[in-house]
2 protein chains.
Amino acid sequence: MSFTYDYPRPAVTVDCVVFGLQEQRLRVLLIRRGRPPFEGQWALPGGFVDMDEDLEASARRELQEETGLRDIFLEQLYTFGMPGRDPRGRTISVAYYALVNTVNHPPRADDDAAEAEWVDVDRARTLAFDHDEILATALARLRGKVRYQPIGFELLPRKFTLSQLQQLYEVILERELDKRNFRRRILAMDLLVELDEKQQDVSHRAARLYRFDKRKYRSLEESGFVFEL
Amino acid sequence: MSFTYDYPRPAVTVDCVVFGLQEQRLRVLLIRRGRPPFEGQWALPGGFVDMDEDLEASARRELQEETGLRDIFLEQLYTFGMPGRDPRGRTISVAYYALVNTVNHPPRADDDAAEAEWVDVDRARTLAFDHDEILATALARLRGKVRYQPIGFELLPRKFTLSQLQQLYEVILERELDKRNFRRRILAMDLLVELDEKQQDVSHRAARLYRFDKRKYRSLEESGFVFEL
DNA sequence: GCTTCTTAGTGTAATTTTGACACTATGAAC
DNA sequence: GTTCATAGTGTCAAAATTACACTAAGAAGC
């Protein structure tokens, strides 16, 4: 079967930059390509957009197919369309970035992807296509956005300690934060719920657990509150 | 002539939300469509992406063709691809937003566009396609971005007074600012060059003119400075 | 069970930043 | 020379930010 048009059309794909946190390092989920072009090279998960499918739905479908991830934070990043970025012909890629708690989401290769793996963002290099550039764009976006939108929580388990939260911000922003000042700030926003629970299985004093109250955030947001770290 | 592919492909377009300032109001440049679909309705300038042309180049070409605008601030906004957004069939639109000093850029209808006009952003409604949504997205982006990137200057003439700058921010952010505090802040950033010139042809005390020093901004930016209003 | 080790958790004082606020200066028009 | 419109300027109180160091808890090892 084939499809004919009066004017030439580019192919349209989606690619996803999935960030996760492992061992105090920021990671990105890559797949090893199982077919040409760039067979055997690391690449971002992604694929062609179906004709009757919304762009975000495409991204979610490809993620599920190639890595098993579903129901995660996903947001459009940027659209890359430089002629020549795909050797198969003109291809426009709508890139998304996603944040997951990697403990809940072990990688899993599937379908076209030969292999899926969490890679340290600083070590992910020479990816297929222009995926280095897409990754760099996603990193810049994450570093910018994390400061004025409470998206960092998406990288942590539902229950977390304040130290974990602080480490998260330190890893993303690449600078150290003062413990007391950090706690004062984040608690003053009144977005965290203090739980009646403590960390388990640590060989030192166990820290109190908190969770992020997304509903409270949404309602504060409506009354003009802006998250800012 | 026709073009055939093994799989169906969406059409890809670019659309531009061009903002300008006129009579202390924020305006958007619209064209009246000269052909179906939505013939006669107001729409954003835009059109189909050529096969060998970068996305931003497409946006600039369409802007020039339809409105005569060139060499302006232009940045990618978001990509809209909901099935059904174009009655002619699946169409994905990469939207850009632009900022111009409207004094230098009078509208001019051209080519496919029957008419081009600056419309008050609050009065622009029931545009063709999903252009209402694109405009709303662009407005939100402008309001967000103007606070932490010095892009507002793109809407003013090269030489401007501090009062004009303040009004600009008041219009975009939709709130009043204190004159003395505004001046203190903006001058403290050391991004404006005080010129040896005053306003001409005003029937009251003439204000000093300033210009934005983009080079200084870039160098401060590199050393970690962040613009913030 | 005592010591050690590791991380949790807490307060204050100095400095800086913010926000509120009102009058004089200049220059054109009448 | 009076009127009118906008330009331009400083201070003080309150709030926010920064820098900074010790005690508390609990598991591990002896």
Side-chain angles (χ1 to χ4, degrees), chain A residues 21 23-25 146-148 150 156-157 159-171 173-212 220 223-229, chain B residues 21 23-25 146-148 156-157 159-171 173-212 220 224-229:
Chain A
L21 203 64
E23 296 150 26
Q24 342 269 59
R25 304 282 310 163
V146 87
R147 291 185 35 211
Y148 62 93
L156 291 178
K159 300 173 182 179
F160 52 83
T161 70
L162 293 184
S163 295
Q164 289 172 331
L165 186 61
Q166 181 177 343
Q167 275 172 28
L168 165 73
Y169 278 99
E170 289 179 336
V171 165
L173 299 178
E174 293 183 301
R175 66 189 166 96
E176 300 208 331
L177 302 172
D178 179 88
K179 180 157 73 160
R180 281 176 290 193
N181 294 340
F182 178 81
R183 285 170 185 236
R184 172 153 34 96
R185 264 192 109 104
I186 204 87
L187 290 175
M189 293 187 201
D190 202 31
L191 293 174
L192 299 187
V193 181
E194 184 176 326
L195 301 173
D196 281 332
E197 254 179 290
K198 300 209 163 182
Q199 255 180 329
Q200 298 295 322
D201 305 315
V202 285
S203 73
H204 53 75
R205 176 173 177 184
R208 158 147 279 128
L209 293 171
Y210 292 79
R211 68 176 177 77
F212 171 59
L220 284 176
S223 31
F225 163 84
V226 279
F227 178 91
E228 199 168 342
L229 201 93
Chain B
L21 203 63
E23 296 150 25
Q24 341 270 56
R25 305 283 310 164
V146 87
R147 291 186 35 211
Y148 62 93
L156 291 178
K159 300 172 183 181
F160 51 83
T161 70
L162 293 183
S163 294
Q164 289 173 330
L165 186 61
Q166 181 178 344
Q167 275 173 29
L168 164 72
Y169 278 99
E170 288 179 337
V171 165
L173 299 177
E174 291 183 302
R175 67 189 166 97
E176 299 207 332
L177 302 172
D178 178 87
K179 180 158 71 160
R180 281 177 289 193
N181 294 341
F182 177 81
R183 285 169 185 236
R184 176 166 18 117
R185 265 192 108 104
I186 205 86
L187 291 175
M189 292 188 202
D190 202 30
L191 294 174
L192 299 187
V193 181
E194 184 175 326
L195 301 174
D196 281 333
E197 256 180 291
K198 301 209 161 182
Q199 257 180 327
Q200 299 295 322
D201 305 315
V202 286
S203 72
H204 52 75
R205 176 173 176 184
R208 157 149 278 128
L209 293 172
Y210 291 80
R211 69 176 176 79
F212 171 58
L220 284 176
F225 164 84
V226 281
F227 179 91
E228 199 170 341
L229 203 94

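We use all heavy atoms of the structure for the numbers below, so side chains are in, but hydrogens, waters and symmetry mates are not. Letters A, B, ... mirror the listed sequences (proteins, then strands); counts begin at 1.
At the phosphate of D:dT6, neither OP1 nor OP2 sits under 4.0 Å from any side-chain N or O atom of B:Ser163. Remark: A:Arg180 is not in phosphate contact with D:dC20, judged by side-chain N or O atoms under 4.0 Å from OP1 or OP2. For the pair A:Arg205 and C:dG9, the criterion of a side-chain N or O lying under 4.0 Å from OP1 or OP2 is not met.
Side-chain atoms of A:Arg184 and base atoms of D:dT18 include a donor and an acceptor less than 3.5 Å apart.
B:Arg185 comes within contact range of the sugar-phosphate backbone alone, with a heavy-atom separation under 4.0 Å but no base atom that close. Nucleic acid contact for B:Arg208: sugar-phosphate only, since backbone atoms but no base atoms lie under 4.0 Å from a heavy atom of the residue.
Across the interface with DNA chain C, nearest-nucleotide mapping of A:Lys198 and A:Ser203 shows A:Ser203 to be the residue nearer the 5′ end. The residue among A:Val202 and A:Asp178 whose nearest nucleotide of DNA chain D is located toward the 5' end is A:Asp178.
In this structure the side chain of B:Ser163 reaches within 4.5 angstrom of the side chain of B:Arg183, judged on heavy atoms.
The CZ-P distance, from B:Phe182 to D:dG8, rounds to 13 Å in whole Å. In this entry the distance linking NE2 of A:His204 with P of D:dA27 reads 10 Å, nearest Å. B:Gln164 has its CD atom 12 Å from the C1' atom of D:dT6, to the nearest Å. One atom, NZ of B:Lys179, and another, P of C:dG19, lie 19 Å apart when rounded to the nearest Å. Atom C1' of nucleotide C:dT6 and atom CD of A:Gln199 are separated by 12 Å, given to the nearest angstrom. The distance from atom CZ of B:Arg183 to atom P of D:dT9 is 7 Å, rounded to the nearest whole Å. The CD atom of B:Glu176 sits 15 Å away from the C1' atom of C:dC21 (whole-angstrom rounding). Taking atom CG of residue B:Asn181 and atom P of nucleotide D:dC12, one finds them 15 Å apart after rounding to whole Å.
Here CG of A:Leu191 is found 6.0 Å from CG of A:Leu220. Values are rounded to the nearest 0.5 Å. The structure places CG of B:Leu156 at 11.5 Å from CZ of B:Phe212, a figure rounded to the nearest 0.5 Å. Here OG1 of A:Thr161 is found 12.0 Å from CZ of A:Arg208. Values are rounded to the nearest 0.5 Å.
At distances below 3.5 Å, not a single donor-acceptor pair connects side-chain atoms of A:Gln24 with backbone N or O atoms of A:Val171.
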